[in-house]
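Just so it is clear, the model here is predicted, and its values are computed rather than measured. Heavy-atom basis, side chains included; hydrogens, waters and symmetry copies ignored. Below, read A as the first sequence line, B as the second, and so on, with proteins coming before strands; counting in each chain starts at 1.
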Amino acid sequence: MESENLNVNPNGEKARNFLEEIIEEDIKNGKHGGRVLTRFPPEPNGYLHIGHAKSICLNFGLAQKYGGKTNLRFDDTNPTKEDVEYVDSIKEDIQWLGFQWANEFYASDYFEQLYQWAEKLIEMDLAYVDDQSQEDIRLNRGTVTQPGKNSPFRNRSAEENLDLFRRMRAGEFPDGSRVLRAKIDMAHPNMLMRDPILYRIIHAHHHRTGDSWCIYPMYDYAHGQSDSLEQITHSICTLEFDVHRPLYDWFIEKLEIFPSKQHEFARLNLTFTVMSKRKLLQLVQEGFVSGWDDPRMPTICGLRRRGYTPESIRAFADRVGIAKRDNVIDLSLLEFCIREDLNKSAQRRMAVLNPLKVVITNFPEGKQEEIQAINNPEDEAAGKRPIYFSRELYIERDDFMENPPKKFFRLAPGTEVRLRYAYLIKCEEVIKDAEGNITELRCTYDPQSANGGSSDGRKVKGVIHWLAASHAVKAEVRLFDRLFQNEDPDDVPEGTDWKTGLNPDSLRVVEGLVEPALQEVKPLDHFQFERLGYFSVDYDSKPGHLVFNRTATLKDSWAKIADK
RNA sequence: UGACCUAUGGUGUAAUGGCAGCACAGCAGAUUUUGGUUCUGUUAGUCUAGGUUCGAGUCCUGGUAGGUCAACCA
């Protein structure tokens, strides 16, 4: 769990982000007795994504660092959008990431208290029932440059307001007919302070409170007070809530309740990635992906299925940093984090995605040789496993070129390469079918070249992966690429649907060959298929039908050389 | 045409009035039975104009640029 912070101050201390500075200052001043309590407050209206992961790591990480705790609170104030399906997935994802909340709360737990406070505000002449239509409320709010106009219902007596508000709760009025608003200032330069709506009438079934309510509090009226009820010390949210802060403070001040403080940080943006829940939902509903956990999705469950580890996501959250300026993180940083983790932990296996048959003409027919292959060169404790060498083999089709360019140091007619952990082989003959397609290579091997040696001390630059024909089983291999082809997926030509930016090649399924022992694996086990990248076992995989997802490619320097 | 937030290499993020550093990406080299890893080196930055100060990325003022706000969403 200990995350490395790479930024170091000149005095050698770890660099702090601005939130850590605020908290340390608060602790120093004895605020709340040095207590730190944060919260992660998702609305259960969708699955969590990598942006939420940043927020989770921040909220839980801060509490851990300063000896505090973190609550999980579902912001379930809008019954028309929310569902228990999302509640369950959110809890699962947070735990998978490696965090445990101190308490599981729901904004709906506080509906009665919130209601009582609303009556109090009415009695204080700080709230009123407005009968204006939704349209009129919008019109009379003014614009960012023009002040709004007072509602004709703004000066109702407290008695009348109380009566009306109680009847709203009792269900006497239809949806949209009336709202409860705070009485602040219709000319306030901050639009949020122009008599914000506190309650609206929604005759809908709520996933937790059922049908006991037909009026529901708005976010602004629920969030700060929920923080306050839980005695949250540091309420951390994203930048767009910045303009809500005066209102957050207004309720706490007028109600004279626990003074939670809101702090804002910049949300995560990733190149080639859409992060909006609304858009991700659209991709799912319109069938562009197989579901919220499609391995191409930036959701936590999608990344998990893709083979990302919790450690890699936490490391990523740590490296992107926390600040208040808008940012777009390069996707290559996320890829770096998963490679860094998997390089250390993933066992190596042989696999061939696009097989080309090779016959070793000077190797006896029927003979089989056992070779000990290293499981993970980065981790000696991972040990070795047997693989088998025989006369008939498969190599990767891309590892042979009939007319190789300069600097291609794999197999070509007359050249020699090493088969990883096995022998040096030399290509003697290329067999083709009637159409001229290469169907087979005839090679000879150097019997003296085991264990990295050779008969005369010669070395070769190329080392390729391979599989004995007798020791290879078929597997479905899913290769993924980014879902969107533009660096900024929202940057599409005027008037075009945002989905025009989808990458048509984001999924490729191939039938490959893998080591037979791979039949024993279970979902989410991960491996590095030598030279092909990191792969993990899909949920769909079963003994008769192996399915692997490519988590990440290896860094490919050949691609750059070939480009030049 | 309002209020608020923000501005440091290509991308992020430090420097809390005192040598502009780190990571990713890029480039070059060494090692390597993975064109991987590891190691070394390297390119590249304080939006702008003033002011305060012995000294400004940092403080002040103006400008410029980007973002947020006009749901009975959160």
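- Note on A:Asn45: nothing from the nucleic acid sits closer than 4.0 angstrom, heavy atoms only.
- A:Arg325 has no side-chain polar atom (N or O) that falls below the 4.0 Å cut-off from OP1 or OP2 of B:rG12.
- Among the nucleotides B:rU33, B:rU13, B:rU11, the one closest to the side chain of A:Tyr421 is B:rU33.
- Nucleic acid contact class of A:Val460 (heavy atoms, under 4.0 Å, all strands): none.
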Kindly give the atom pairs (protein nitrogen or oxygen, nucleotide nitrogen or oxygen) under 3.5 Å for nucleotides 35-38 of chain B.
residue	atom	partner	partner atom	Å
B:rG35	OP1	A:Arg531	NH1	2.6
B:rG35	O3'	A:Ser557	OG	2.6
B:rG35	O2'	A:Ser557	OG	3.3
B:rG35	N7	A:Arg410	NH1	3.1
B:rG35	O6	A:Phe409	N	3.0
B:rG35	N1	A:Lys407	O	2.8
B:rG35	N2	A:Lys407	O	3.4
B:rG36	OP1	A:Ser557	OG	2.6
B:rG36	N2	A:Glu378	OE2	2.7
B:rU37	O2'	A:Asn343	ND2	3.1
B:rU37	O2'	A:Glu378	OE1	3.1
B:rU37	O2'	A:Glu378	OE2	3.3

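- Checking A:Asn327 against A:Gly142, the closest nucleotide of RNA chain B that is more toward the 5' end is the one next to A:Asn327.
- In this structure, A:Arg349 fails the cation-pi test against A:Phe527, since its NZ or CZ atom is not both closer than 6.0 Å to the six-membered ring centre and inside 45 degrees of the ring normal.
- Look at A:Lys324 and you won't find any side-chain N or O under 4.0 angstrom from OP1 or OP2 of B:rA7.
- With salt bridges taken as basic N to acidic carboxylate O contacts below 4.0 Å, none links A:Arg156 and A:Asp130.
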| said: Test salt bridge (Lys or Arg N to Asp or Glu O under 4.0 Å) on A:Arg458 and A:Glu416; report intermediate values, then the result. | reply: CA-CA 10 Å; A:Arg458 69 190 185 286; A:Glu416 199 171 30; 2.6 Å; yes
Dump the pairs, protein N or O against N or O of nucleotides 62-69 of chain B, anything under 3.5 Å, distances to one decimal.
residue	atom	partner	partner atom	Å
B:rG67	O4'	A:Asp326	OD2	3.4
B:rG67	O2'	A:Asp326	OD2	3.3

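- Taking only side-chain atoms of A:Met218, from C-beta outward, the nucleotide of B:rC24, B:rU34, B:rA71 with the closest atom is B:rA71.
- Distances shorter than 4.0 Å separate none of the side-chain N or O atoms of A:Thr271 from OP1 or OP2 on B:rU11.
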